[in-house]
Amino acid sequence: MSETSKIEQKWQKRWEEAGIFESDPDAKRQKFFVNVAYPYMNGAPHLGHAYTFIRADVYARFKRMQGFNVLFPQGFHATGEPILGVVERVRNRDQDQIEALRALGATDEDIKNFAEQGPEFVVAYWMDRWVRTLKSAGFSVDWRRSFVTALTPTYNRFIEWQYNTLKNKGYVVQGTHPVVWCPHDQSPTGDHDRLVGEGESPVEYVMLKFELDDGTILPCATMRPETAYGATNVWINPDGDYVKAEVDGKAWILGKVAAEKARDQLHKVDVKEEIKGSMIVGRVAKNPVTGLKVPVFPAGFVDPDTATGVVMSVPSHAPYDWMGLHDLKQDMGLSQKYGIFQEALDAVVPISIIKVEGMTENPAVEVCSRMMISSQKDAEKLDEATDEVYKKEFHQGVLRENTGYPGVRISEAKDKISADFVRKGWGEVFWETTSEVVCRCKTRCHVKILENQWFLKFSDEEWKRRAKEAISRMNLYPETSRTQFLNTVDWLKDKACARKSGLGTKMPWDRDWIIETLSDSVIYMAYYTISKTLKERKVDADGLTDEVLDYVFLGKGDAKSASKKSGLDEKAIEEMKGEFDYYYPTDVRFSAKELIPNHLTYHVFHHVAMWDDPRMWPRGVSVNGFVTLNSQKMSKRFGNVKMLSDMIETYGSDVTRMNIVGSNENMDDADWRDDSIDAFASRMRMLHSLSRDIEKSKRKDMQNPDKSFISMLQSRIKSTTEACELTRFRSAIQSGFFESTNDLKWYIDRCGGIENCNRDVLEEGISTIVVMMCPFAPHTAEEIWEGMGNKKLAASSMWPEANEGKADSESESGEDMIRQVADDVRQIEKISGIKPKKAVIIVAPQWKFDVYGLVSKNKSADFKTILSMVKEKNEAAVKYIQALQKRGELSGNLVSRQSQLDLLEEAKAFIGKQIGAEVEIQDAETSKLEKARNADVRKPAIFVL
RNA sequence: GCGGGGGUCACCUAGCCUGGUCAAUGGUGCCAGCUUCAGAAGCUGGUUCCUUAGUGGAUACGUGGGUUCAAAUCCCACCCCCCGCACCA
């Protein structure tokens, strides 16, 4: 075992023994509830998880050090399909799955148990891994409150109570809903279950009911129903498989596949006979919109498997249709084969129904000829042409007089036209996927309308309003995420909240359904507050009646009656209620930004539904970006995944924590860089070794460097604290760790080594830095802290507070001047190439001074004036500047001439060391050097001799 | 298509809300020097171009305009990149 991990384990043990992370209600202290979205138990934590989790731990530690009674619990998630999927695949000896588990460190014995013991074992296995890893990362979690969803009966009971409550309030409703459906698996096909068609979703077509002479309906599916006014004919694939069927009691002809789809879309379909498309070519169909009778023509571009397999032809506005006609007219053989007369073909001319500025009457014709498309087989160009025509017509096109909507813009009227057509009985809605979708089982999917599905009624306006109210009250880190939350609320439609398969809690009133994973993970933060009691008092699920939970969480009814009916000890009930009342709501919830559009917004919705009292609504959310590895996307497929436990083993927890949390903040992606690790490690080593040398310092008096260092430390404290509050940990590490240690280095250098430092100042500086790095690198902080003679744990020490009284901008300006002079001396030496024996520094005459650190708080004029006054040797400048300072319009300090002389005199040795030469300070006014007296300088002048 | 976030001097990032201390923060890389048996680490300095004894100037914050005494920062247009879009954790 490495030295680092020995030290880290030592402190982890000490923390555990001290029990400082276990939190119980304490009326005298203010609570703070930090939590992370719980992880799913089908793998071990990798750096992606680690980023969010470490951020949460840093914040919990920070708040604890600020004196809050911090509750930081951690639960685990097992609801849903994937765990069952793993078990099934292992049972089927799926080699890919077994390899994947081995790669995660599972032994053959483990894998055997996966198969034999099933989900319980899988969950227990990963939970164990997670807990061990999080502990080794130094997490300050109250482990007494942990639990896992789905497999915990009391948790199931809690979820039942949640859904009973929601249903009583009318937030859970039953309804129908279109989903992408696999006819083979007989289940919805989610994105991750697809071989082809990731990201595709159901869209609404309108199938317009063209009618053949005998009354048979020929449904033409279209996404542009308005173009029905320009339909010249109907297309059918002559070689395609079609059926004659009775649909909802009427005779239809449609694609064979389409008949199946229609059946899944709540139509009553009875297939009578299979036919080829060619059988209806040449017949005449009546357009339901215009009443016009148009012929049915053959076209190879019609896919009988897409939508209804029948389309109407609008050659004026659809490039495919125009080319279809073109081909038919060219190929006499084809038209003869299907018995289409030349006259019939000649009769078909494009009917323009949309006017587009800057385009001819028939945009499709125009574009086809411009792009030199020669046939309907030129699919690539035709798709491009279609896209172009469609976009122009949609955005700029206006319907002509020959339609039912003259002068209307397509983009504005499209939805209304569809609705009108359906209402008038000219057409019906038909669902299709946006593009081809193929299930993992290799079956082509289509859209099914699910019936009797349970929904959370997120479309409810009042519910939305309350969700928005809650969001507006929340602290969001970063603030920029707020619009995303609000937009999500607007955008959210009813959400299916139950499935037929997977692990989870059964819908209490409809045991066929299982509450789905995103729907049973939204108010469980409340469960943390009772989880400890449930375990300690061994409460079983039966005891947790709705009445008990109503009392505990909502304050309804009374404990006595709830106790009597449930048989649960009244003390247990009161204890749970006490915990809940004390800790709720959550103060900050940490998560990755990908959960904003779903989980995080749902969790707001559910809280406002469950609790009428806004004081119980979540108070804050902090989101972070993704994690990349050395700028490469983390991806299991390319083996580009790093496990947290490996990183801890290799680098130690502290460095790992800093390297990930310090790499970025806000919603930007965090980049794990192997090569930045040293920066953290070496800085910590430096701090550690300095802390051991403190006792070498002997000086007692306060000199300028001392005052300046202490002053700068105050601003570091301030900015570090502010950054931490906003969960901007990169900034916090920047100022609280890197910049403050830089200050420390300068201070020691300036004093001429640690021996010449002021003991108290040095100790205060190092202590402050160590305490500020404690949330980030807790183990190292403890180690240094103890080494400095502290008895109390660093983790329970107080976070430093900036002391305004110690701010001293004058001495900071002084140090700044020394820095400048020292820098200049080095520059001159270097550029001149002289190895000097002596450097003479001459302080300028009265009017010639520098404006170190001066900042104008007023806008333009003043600062400009000052500069020009200084340049023009105006002695009044000093008075003017002083007046401005008095009025508070200028911040910063002038370094007066006398101070310049004094400071430089005192810093002679330090400056001399830069070039290894003697330094002499002279006053320009009394200088013996003629050159110096006459020099036109603004800063102290330097001559190297 | 809808919604969100971005484009900064090698790379990653700060600054932008509240315009002037911005040739612009910090880290990494690279170069030089010190240290070292060597390596690693550490330390110091440099890292747009020209010029200079610590200076001055030019060009620069996606592109093009605009507002202003003054723009990385405000306004307009454009180009490009990333992410989410539901029954899935």
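First the proteins, then the strands, lettered A, B, ... as listed; each starts at 1.
- Nucleotides G46(B) and U28(B), compared at atom P, are 16 Å apart to the nearest Å.
- No engagement by Ser481(A) is indicated, since no non-hydrogen atom pair under 4.0 Å with the nucleic acid exists.
- Glu81(A) comes within 4.0 angstrom of the backbone, heavy atoms only, and of no base.
- Ion pairing between a basic and an acidic side chain is recognised when a charged N comes within 4.0 Å of a carboxylate O; Asp490(A) and Lys468(A) show such pairing.
- Asp678(A) places its CG atom 6 Å from the P atom of G42(B), with the value rounded to the nearest Å.
- Residue contacts for Lys493(A): at a heavy-atom cut-off of 4.0 Å it reaches a base atom on one of the strands shown.
- Rounding to whole angstrom units, CD1 of residue Ile677(A) and P of A41(B) are separated by 14 Å.
- If you check G3(B), C85(B), G26(B) against the side chain of Asn487(A), the one that comes closest is G3(B).
- Look at CH2 on Trp431(A): it is 12 Å from P on A86(B), rounded to the nearest Å.
- Within residues 737-749 of chain A, the residues that have a heavy atom under 4.0 Å from RNA chain B are, in order of number, Lys745(A).
- U13(B) and G19(B) have their P atoms separated by 26 Å, with the value rounded to a whole Å.
- One can place CG of Asn666(A) at 16 Å from C1' of C83(B), the figure rounded to the nearest angstrom.
- When heavy atoms are screened at a 4.0 angstrom cut-off, Thr79(A) is found touching the sugar-phosphate backbone but no base atom.
- Across all their heavy atoms, Val447(A) and Glu432(A) have their closest contact at CG2-C, 3.5 Å.
- Listed candidates were A86(B), G27(B), A89(B). Nearest to the side chain of Ser676(A) is G27(B).
- By the 4.0 Å N-to-carboxylate-O rule, Arg224(A) lies close enough to Glu393(A) to be salt-bridged with it.
- Here the nucleotide nearest the side chain of Lys495(A), chosen from G27(B), A86(B), G26(B), is A86(B).
- When each of A86(B), G42(B), A89(B) is scored by its nearest atom to the side-chain atoms of Ser682(A), the top-ranked nucleotide is G42(B).
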Bracket notation of RNA chain B in which parentheses pair within the strand, [ ] cross earlier pairs, and | pairs with another strand (Watson-Crick or G-U, under 3.5 Å): ((((((((.[[[..)....(.....]]]((((((.......))))))(((.....)))...[[[[[..)....]]]]])))))))....

Polar atoms only, N or O, under 3.5 Å: list the protein pairs with nucleotides 8-13 of chain B and their distances.
from, atom 1, to, atom 2, distance (Å)
C11(B), O2', Arg673(A), NH2, 3.2
U13(B), O2', Arg730(A), NE, 3.2
U13(B), O2', Arg730(A), NH2, 2.2

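- Listed nucleotides G26(B), A89(B), G4(B) differ in distance to Glu516(A); the shortest reach to its side chain belongs to A89(B).
- Note on Lys593(A) versus Asp669(A): salt bridge recorded, some NZ/NE/NH1/NH2 to OD/OE distance being below 4.0 Å.
- Within the 3.5 Å criterion, the main-chain N or O of Thr517(A) finds a donor-acceptor partner in the side chain of Ser521(A).
- Ring centroid separation for the pair Phe458(A) and Tyr602(A) comes in under the 6.0 Å cut-off.
- To the nearest angstrom, C1' of G4(B) lies 12 Å from CZ of Phe626(A).
- Salt bridge status for Arg728(A) with Glu722(A): absent, with no side-chain N to carboxylate O gap under 4.0 Å.
- Nucleic acid contact for Glu594(A): none, since no nucleic acid atom lies under 4.0 Å from a heavy atom of the residue.
- Without hydrogens or angle criteria, Arg716(A) side chain to Gly736(A) main chain gives no donor-acceptor distance under 3.5 Å.
- Leu595(A) places its CG atom 13 Å from the C1' atom of A86(B), with the value rounded to the nearest Å.
- Nearest to the side chain of Thr483(A), among U28(B), G5(B), A89(B), sits G5(B).
- Residue contacts shown for Arg728(A) are limited to sugar-phosphate atoms, with no base heavy atom under 4.0 Å away.
- For Tyr40(A), taking side-chain heavy atoms from C-beta onward, the closest of the listed nucleotides A86(B), G27(B), A89(B) is A89(B).
- In this structure, Asn598(A) atom CG and G4(B) atom P are separated by 17 Å, rounded to whole Å.
- With Trp454(A) contributing its side chain and Gly175(A) its backbone, the two residues share no donor-acceptor pair below 3.5 Å.
- Although no hydrogens or angles enter the test, the distance criterion places no donor-acceptor pair under 3.5 Å between the side chain of Asn624(A) and the main chain of Asn666(A).
- Nucleic acid contact for Leu518(A): base, since at least one base atom lies under 4.0 Å from a heavy atom of the residue.
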Chi angles and distances behind the side chain to side chain contact (heavy atoms under 4.5 Å, CB included) call for Phe455(A), Lys495(A): CA-CA 5 Å; Phe455(A) 287 92; Lys495(A) 156 99 175 86; 5.6 Å; no

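- Asp520(A) places its CG atom 10 Å from the P atom of A89(B), with the value rounded to the nearest Å.
- When each of Thr189(A) and Trp491(A) is assigned the nucleotide of RNA chain B bearing its nearest heavy atom, the one mapping closer to the 5' terminus is Trp491(A).
- Nearest-nucleotide assignment on RNA chain B puts the 5′-proximal partner with Thr488(A), out of Thr488(A) and Pro202(A).
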